[in-house]
Q: 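Starting off with a structure, shown below.
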Amino acid sequence: MKNVYVLGISAFYHNSAAALVKNGEVVAAAEEERFTRVKGDSSFPINAVKFCMDTENIKMADVEKVVFYEDTAKKFARIMTTSLLVAPKGINQYLHSTPQWITKKLWTQRRITKELGIKNDKLAFIPHHLSHAAAAFYPSPFEKAAVLTVDGVGEWTTLSWGVCENTEIKLLKELRFPDSLGLLYSAFTVYTGFKVNNGEYKMMGLAPYGKPVYVDLIKENLVNIYDDGSFVLNQKYFSYTTKMDTINKAFEDLFGRKRREPESEIDSFYADVAASIQEVTDEIVLKTAKHIKESTGMSNIVLAGGVALNVTAMGKLRRSGLFENIWVQPAAGDAGGALGAALHGYYCEAGRKRTAEKTDSMKSSYLGYAIKDSDEAGDAELEKLGAVWTEYAPDKLQRKIAELIDGGKIVAIARGSAEFGPRALGNRSILADARRAEMLRHLNLRIKFREGFRPFAPAVIEEDADKYFDMEGTSPYMLFTVPVKAERRLGVEYGDTLVATAAKARSDIPAVTHVDYSARVQTVNKEQTPFFYGVLESFRQITGCSVVVNTSFNVRGEPIVNTAADAYRCFMKSGIDYVVIGNRLLDKELQKGGAANGKNEKRKNVQ
Ligand SMILES: [Fe+2]
């Protein structure tokens with residue numbers, strides 16, 4: 001039987017991506033930024049497409065259909081209408097948006113067909129929120145589920161929900177622009193001094209340092225929330241319909257202070273504001289989920305859209321018990337729209353069957369570019385960069401990594417297929433000892449060169465998760481925060497600054513315990529992630545501890561590493577002590593002196 005391939009594309013806004021589905025199975029997915037090394041690259045994902053084609057060794061002629069993740073014409077209509085409705089104030093937005101739309105979006109069809117060398121009839125467009133819904137449901141482990149998609153805006157829609165069963169997705173209700181939870185959260189991201197589209201994580205990390213003292217102020221002035229979770233934003237305080245900004249002077253006056261200057265010191269006021277908007281976000285998500293539960297009676301819920309990456313809200317939703325099971329698409333943002341578009345393109349044809357799998361069909365999100373364990377081309381590439389290494393058999397390598405982490409070393413891993421989505425889950429990760437309180441400061445400032453207050457996440461052996469965290473079930477994609485167990489906690493101490501507060505030990509795994517005792521946990525499964533599991537198991541044997549710090553293998557402002565060469569470069573310019581590239585282990589100290597004895601050692605059979 002001939003294989004049926006469908007290619008999904010997301011592009012031209014931020015974080016372009018491509019994904020390939022073969023007979024309903026996701027076989028490859030990657031963000032363009034990983035190849036071009038431009039963070040959040042929004043250009044046409046030609047490298048990601050090529051990667052998808054190469055993975056299956058096929059050509060565009062072998063692809064049945066290409067599906068774009070949004071309906072360009074509808075989106076254009078929204079931009080035009082919004083601009084005209086608020087004219088003359090909206091003229092600014094109109095002027096900024098129109099040229100970009102004309103060149104990049106109105107002509108999307110022509111652009112894609114030209115880039116890929118395909119005819120118009122091979123290209124389909126589906127609504128943005130349907131792409132998110134498809135990415136949330138099709139790879140999930142459920143036969144049927146309620147679906148909730150929440151983001152900034154896609155065409156007109158900002159939130160949608162519905163029901164899914166087998167191959168069918170029915171979106172029943174939606175909220176429309178300008179009432180948007182994603183844009184509300186982004187407005188506060190800007191106000192607290194971070195950038196839209198990648199600063200949301202930072203504000204979420206800041207929130208636990210503050211107290212939610214502005215919740216009433218926000219609910220009385222900015223957002224009117226109804227019992228079913230729907231809401232109306234008071235446009236008096238926002239400016240995203242009128243100019244290329246999100247908040248205005250009225251917003252700043254309401255809080256009595258100007259927006260924080262980016263990179264300036266963060267005082268408790270902005271932490272309190274972050275805590276307040278987080279609580280409002282949690283309330284909207286929970287009320288909406290409750291309404292969906294009452295309306296659909298489903299026991300499962302699946303989620304996607306940028307707001308689904310809010311691990312605090314997702315953690316609360318999970319703990320609420322509203323639904324028996326919750327599954328969040330790990331690439332919940334717009335990159336994941338490419339995956340949803342491809343899956344929808346496959347399943348929307350009559351007669352195609354979908355079988356829900358026991359876990360899910362995301363393959364642990366290991367869908368991106370693969371680094372081979374051991375190969376001559378990889379050796380040659382690294383030698384050209386002056387790299388020196390020792391090659392180990394995988395089990396020896398796992399033991400070695402565990403010993404190094406126990407000794408206080410920082411070890412990065414670039415091995416196997418890169419993760420699709422924003423989280424590094426063991427294949428492009430930096431690992432460190434979670435028991436050492438100083439690791440938080442060290443990793444933030446010397447390794448990742450990022451803000452000192454930001455928390456780090458734990459990876460834990462799946463079977464041991466409930467020994468460390470108050471949680472039931474698994475969390476393989478690091479998409480939920482959970483509380484650290486009460487018996488592991490130490491008393492709360494606050495320092496003079498956020499960074500000083502962050503440095504205080506709050507549990508016996510202090511490097512991964514946030515100021516409110518929460519942790520964004522990754523549970524590591526033996527079958528699904530065997531190499532990473534082996535590292536953790538070795539670490540447990542040596543230390544008795546089943547937890548390590550797992551943070552993405554990149555430095556501030558750069559995409560996560562993709563290739564062996566990317567990994568080596570990032571290793572050399574940061575404070576990382578060791579890097580694993582395939583089965584090779586590289587020691588920073590040895591790199592400085594160049595090649596040891598002019599050749600590299602292979603120790604595949606070391607006992
Ligand atoms: Fe979106």
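Order of appearance sets the numbers: ligands from 1, and atoms from 1 within every ligand. Quick note: numbers below take in every heavy atom, side chains included, and nothing from hydrogens, waters or symmetry partners.
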Q: Using a 4.5 Å cut-off on heavy atoms from C-beta on, say whether the side chain of Gln528 contacts that of Thr359.
A: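 In short, these two side chains touch, coming nearer than 4.5 Å.
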Q: Indicate if the distance from the Fe ion (ligand 1) to the nearest N, O or S atom of His128 falls below 2.8 Å.
A: yes
Q: Between Lys287 and Asp228, does any NZ, NE, NH1 or NH2 come within less than 4.0 Å of an OD or OE carboxylate oxygen?
A: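 So Asp228 does not pair with Lys287 through a salt bridge.
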Q: For the Fe ion (ligand 1), give me the closest N/O/S atom belonging to Asp151, just the atom name.
A: OD2
Q: Taking only Lys NZ, Arg NE, NH1 and NH2, and the carboxylate oxygens of Asp or Glu, determine whether Arg454 and Glu451 approach each other closer than 4.0 Å.
A: yes
Q: Can you tell me the N, O or S atom of Asp334 that's nearest the Fe ion (ligand 1)?
A: OD1
Q: Any ion pair linking Glu252 and Arg259 (charged N to carboxylate O, less than 4.0 Å)?
A: yes
